[in-house]
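Please read the structure below before turning to the comments.
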Amino acid sequence: MLWLIGCGTPPEDARSESQRIRVALTGTWTPSIGANGWTAAQADSPLDLLTTIELPPEWDGSASVLRLEGLWWNATISVNNQPLPPVTGGLAPVNVTIGDQLKPGSNQIAIHITPPTGESRTELGGGLAAKWFDWDKAALLSPPVLFLQHSQAIASLSVEPTIDGQVVATALLNEAPENATVQFYAALDGEKIQDLGSASVSGKKAVGPNILWEGEFWSLGNPELIHIVAELTDAKGTLIDRLIVRTAPRTVDVQNNVLQLNNQPLRLMTGRTLEVLRRPSFLPQLKTLVQGGVNALEIHGELTRNNWLDTADELGLPLVVLPRCIGRIKNDAAPSDELDNTMA
């Protein structure tokens, strides 16, 4: 089981001083994309997808990533006929670094997908949704998304509480110039509201100092989201990259089987949502659930959509993400031990 108490804005939605581009690959594919992505016509047979993209002559996309959401089950991606290590899908999106294989001009992307076989059919816990029964067919239920970015860029940014109301900001980088520095700060409505210190880059990572947090922590129904900013500069102070993430610090823990948020017991009344694959938003359901005192949402054995996580974070709404109940897979026998196979 995985509890997600908000999630913050994902890296693809961040703004940057360098070029960072999100491209949904909804164009020409062979075979053509359907209303719900692609599903193999026959059980136990592979699914092969092929497309071509064009990159500008000056583009350096060495840190680019391809995201597969709704992948069922194993996939091998080839870029310009160069196969990459296979990946395994499921309820969470899969990110594959493909930048080293991309080049300016025309690039061919091929995806070879196979369904689960043997014991994995029972270990997986069913499929991508409670009412999705094509578990024995290879599938990709959403168009792939390509994130183009330069090699010298900030890959991710977080701010975490430490002790006594302090927080520490951390940036992970693809690459950085020698003697590079990352400056952290918090901003609201375009204005800097708190300095979070700076740190030298070491091993593609920069960890700021412990700073007493002057704002509010994320809480149930009161998220207090702001922007956390990281700026990468070289030894001369020249700005190389800027990454902005919309989030708020919080701690989530389990003590004596009691879920705690910011070191306080959290009492939740959850409502369960089904058919995530068919619902672009959970807000219509939530309007009904809150009338009964529901203050959290349970996603049980369903594909975890990134936009749902963002919406929950904005609302101050905890998400309860559970794996599918073992033993629901047609006539296959369930294993003796329940496996938690939700998200990495």
Side-chain angles (χ1 to χ4, degrees), residues 10-14 16 18-34 36-41 45-117 120 128 137-156 172-177 204 240-241 243 303-306 343-344:
E12 64 267 22
D13 292 330
S16 173
S18 68
Q19 201 170 13
R20 184 181 282 108
I21 303 174
R22 179 187 188 276
V23 183
L25 301 183
T26 57
T28 303
W29 283 89
T30 303
S32 299
I33 185 172
N36 295 309
W38 300 267
T39 300
S45 62
L47 175 64
D48 288 291
L49 310 176
L50 183 67
T51 193
T52 300
I53 63 171
E54 296 285 335
L55 294 180
E58 70 278 6
W59 179 257
D60 164 26
S62 56
S64 299
V65 170
L66 188 69
R67 170 171 290 178
L68 305 179
E69 187 172 280
L71 169 62
W72 192 258
W73 173 248
N74 294 301
T76 298
I77 299 171
S78 297
V79 181
N80 298 322
N81 296 317
Q82 296 296 317
L84 300 172
V87 295
T88 300
L91 300 180
V94 176
N95 295 322
V96 183
T97 301
I98 66 171
D100 290 340
Q101 307 299 330
L102 292 174
K103 66 182 189 303
S106 179
N107 292 267
Q108 185 184 81
I109 298 178
I111 306 175
H112 177 76
I113 305 173
T114 57
T117 58
S120 62
L128 294 175
K137 296 180 180 179
L140 182 62
L141 302 185
S142 298
V145 178
L146 181 61
F147 303 106
L148 296 167
Q149 79 176 10
H150 292 299
S151 56
Q152 291 189 349
I154 303 169
S156 65
L172 301 181
L173 296 92
N174 299 315
E175 293 181 12
K204 298 184 179 181
I240 304 298
D241 188 41
L243 182 63
L303 182 66
T304 306
R305 293 182 177 274
N306 277 342
M343 298 179 67

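In this text, all values refer to a predicted model and were calculated from it rather than measured experimentally.
Between the NZ atom of Lys204 and the CG atom of Asn174 there is a distance of 7.5 Å, given to the nearest 0.5 Å. For the atom pair CG of Leu146 and CZ of Arg22, the computed distance is 10.5 Å after rounding to the nearest 0.5 Å. The distance from atom CD of Gln149 to atom CD1 of Ile154, rounded to the nearest 0.5 Å, is 9.5 Å. One finds the CG atom of Leu84 at 6.5 Å from the CD1 atom of Ile77 (value rounded to the nearest 0.5 Å). Put simply, CG on Leu148 and OG on Ser64 are 4.0 Å apart, with the number rounded to the nearest 0.5 Å.
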Run the side chain to side chain contact (heavy atoms under 4.5 Å, CB included) test on Ile111 and Leu71 for me, step by step, so that the C-alpha distance in whole Å, both residues' side-chain angles and the decisive distance to 0.1 Å come before the verdict. CA-CA 11 Å; Ile111 306 175; Leu71 169 62; 5.7 Å; no
Could you walk me through whether Thr26 and Ile33 satisfy the side chain to side chain contact (heavy atoms under 4.5 Å, CB included) test, starting with their C-alpha distance in whole Å, then the side-chain angles of each, then the deciding distance to 0.1 Å, before giving a yes or no? CA-CA 8 Å; Thr26 57; Ile33 185 172; 5.7 Å; no
What verdict does the side chain to side chain contact (heavy atoms under 4.5 Å, CB included) test give for Thr88 and Val94, after you've listed the backbone C-alpha separation in whole Å, the side-chain angles of each residue and the deciding distance to 0.1 Å? CA-CA 8 Å; Thr88 300; Val94 176; over 6 Å; no
Could you tabulate the donor-acceptor pairs under 3.5 Å formed by side-chain atoms of residues 47-56, not counting sequence neighbours?
from, atom 1, to, atom 2, distance (Å)
Asp48, OD1, His112, ND1, 2.6
Thr51, OG1, Thr28, O, 2.5
Glu54, OE1, Ser106, N, 3.4

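Side-chain contact check for Thr97 versus Asn95: every heavy-atom pair is 4.5 Å or farther apart. Counting heavy atoms from C-beta on, the side chains of Leu25 and Leu66 come closer than 4.5 Å. Put simply, the side chain of Asp241 does not reach to within 4.5 Å of the side chain of Leu173, judged on heavy atoms.
What you find for Ser151 and Ala63 is that their closest heavy atoms are CA-CB, 3.9 Å. Nearest heavy atoms, Pro83 versus Thr76: CB-CG2, 4.3 Å. Nearest heavy-atom pair, Ala138 versus Pro46, reported as atom, atom and distance to 0.1 Å: CB-C, 4.5 Å. Across every non-hydrogen atom of Ala41 and Lys137, the tightest pair is O-NZ, 3.8 Å. Pairing each heavy atom of Ser142 with each of Trp38, the nearest pair is O-CZ3, 4.1 Å. In terms of heavy-atom proximity, Ala153 sits nearest to His150 at CB-O, 3.5 Å.
The backbone N or O of Gly105 sits less than 3.5 Å from a side-chain atom of Asn107, completing a donor-acceptor pair.
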